[in-house]
Amino acid sequence: MAKGFGGRGMAGMGGMNMNMIKQAQKMQQEMQRMQAELESKEYEASAGGVVTARVSGKRELVSVTIDPEAVDPDDVEMLQDLIVAAVNEATRKAGDDAAEQMSRLTGGLNLPF
């Protein structure tokens with residue numbers, strides 16, 4: 001008989017392992033539900049007050065809205081910069097929300113998901 005198990009042998013460990021497995025399965029189901037919820041959300045950000053970008057929870061660009069006043073044929077670079085800034089900010093919002101939700105689920109553990 002193995003020593004170091006307080007006389008319980010391996011049988012005492014079975015209940016603990018099953019409980020851990022059940023908790024892990026529950027966490028996995030909750031993570032799947034949360035991921036589906038996050039993917040259904042949309043995040044919006046504006047740049048310069050004239051360009052608005054919307055991204056999905058999957059971090060895919062959904063739409064870009066450009067105020068006609070922002071269209072200056074002599075300054076196309078500014079418009080391009082505003083589009084990039086709006087898309088990047090909306091994408092950052094989606095990532096921050098996903099990280100926050102995951103942190104709530106995992107109790108702050110730094111798990112590599």
Side-chain angles (χ1 to χ4, degrees):
M1 176 158 195
K3 295 184 180 184
F5 288 102
R8 296 182 299 173
M10 293 297 284
M13 298 295 288
M16 186 171 73
N17 286 338
M18 288 303 292
N19 190 31
M20 288 177 65
I21 290 170
K22 286 180 183 179
Q23 287 178 340
Q25 288 172 337
K26 182 178 178 183
M27 182 179 277
Q28 182 180 22
Q29 290 171 347
E30 184 64 20
M31 287 175 63
Q32 289 171 339
R33 184 197 60 75
M34 184 181 297
Q35 183 175 5
E37 181 181 311
L38 287 168
E39 288 178 357
S40 71
K41 288 184 175 182
E42 288 189 359
Y43 302 86
E44 183 176 286
S46 294
V50 292
V51 174
T52 302
R54 292 180 69 84
V55 298
S56 71
K58 293 179 183 180
R59 300 182 193 164
E60 295 173 346
L61 184 61
V62 174
S63 69
V64 174
T65 304
I66 301 170
D67 185 325
E69 292 179 21
V71 182
D72 180 356
D74 296 327
D75 195 5
V76 174
E77 286 182 26
M78 174 61 83
L79 179 56
Q80 292 169 337
D81 290 345
L82 290 170
I83 292 169
V84 169
V87 170
N88 286 340
E89 179 63 15
T91 302
R92 185 197 59 74
K93 285 181 178 183
D96 288 353
D97 189 31
E100 181 182 327
Q101 297 298 323
M102 200 57 65
S103 178
R104 282 188 204 157
L105 178 65
T106 62
L109 297 175
N110 231 352
L111 300 175
F113 297 110

What distance separates Glu44 CD from Ser63 OG, expressed to the nearest 0.5 Å? 7.5 Å

Check Lys41 against Asp97 and note the closest heavy-atom contact, atom names and distance. NZ-OD2, 3.0 Å

Rounded to the nearest 0.5 Å, what separates atom CG in Leu38 from atom CD in Gln101? 5.5 Å

Using a 4.5 Å cut-off on heavy atoms from C-beta on, say whether the side chain of Met31 contacts that of Met102. yes

Any link between Val71 and Val84 through a network of hydrophobic side chains (Ile, Leu, Val, Met, Phe, Trp, Tyr) touching at under 4.5 Å? no

Distance (rounded to the nearest 0.5 Å) between Asn17 CG and Lys22 NZ: 12.5 Å

Taking the side chain as C-beta and beyond, is there a heavy-atom pair between Val50 and Ile66 under 4.5 Å? no

Distance (rounded to the nearest 0.5 Å) between Glu60 CD and Glu39 CD: 9.0 Å

Please tell me if the side chains of Val51 and Leu79 come closer than 4.5 Å, counting only heavy atoms from C-beta onward. yes

Smallest separation among heavy atoms of Tyr43 and Ala94, with atom names: CD1-CB, 3.4 Å

Between Val55 and Glu42, is any pair of side-chain heavy atoms under 4.5 Å apart? no

Non-hydrogen atoms of Ala85 and Ala47 that approach each other most closely: CB-CB, 4.0 Å

Go through it in stages, so that I can follow the logic: the residues are Lys93 and Glu89, the test is side chain to side chain contact (heavy atoms under 4.5 Å, CB included), and I'd like the CA-CA distance, side-chain angles, deciding distance and then a yes or no. CA-CA 6 Å; Lys93 285 181 178 183; Glu89 179 63 15; 3.8 Å; yes

The reported gap from CZ in Arg33 to CD in Gln28 (rounded to nearest 0.5 angstrom) is 14.0 Å

NZ/NE/NH1/NH2 to OD/OE distance under 4.0 Å, Arg104 and Glu100: yes

Would you say that more than 12 heavy atoms from the other residues, nucleotides or ligands in this model lie under 6.0 Å from the CD of Glu69, or not? no

Under a single-linkage definition using a 4.5 Å side-chain heavy-atom cutoff for Ile, Leu, Val, Met, Phe, Trp and Tyr, are Ile83 and Val62 assigned to the same hydrophobic cluster? no

If you take all heavy atoms of Arg59 and Gly95, which pair is closest and at what distance? NH2-CA, 3.1 Å

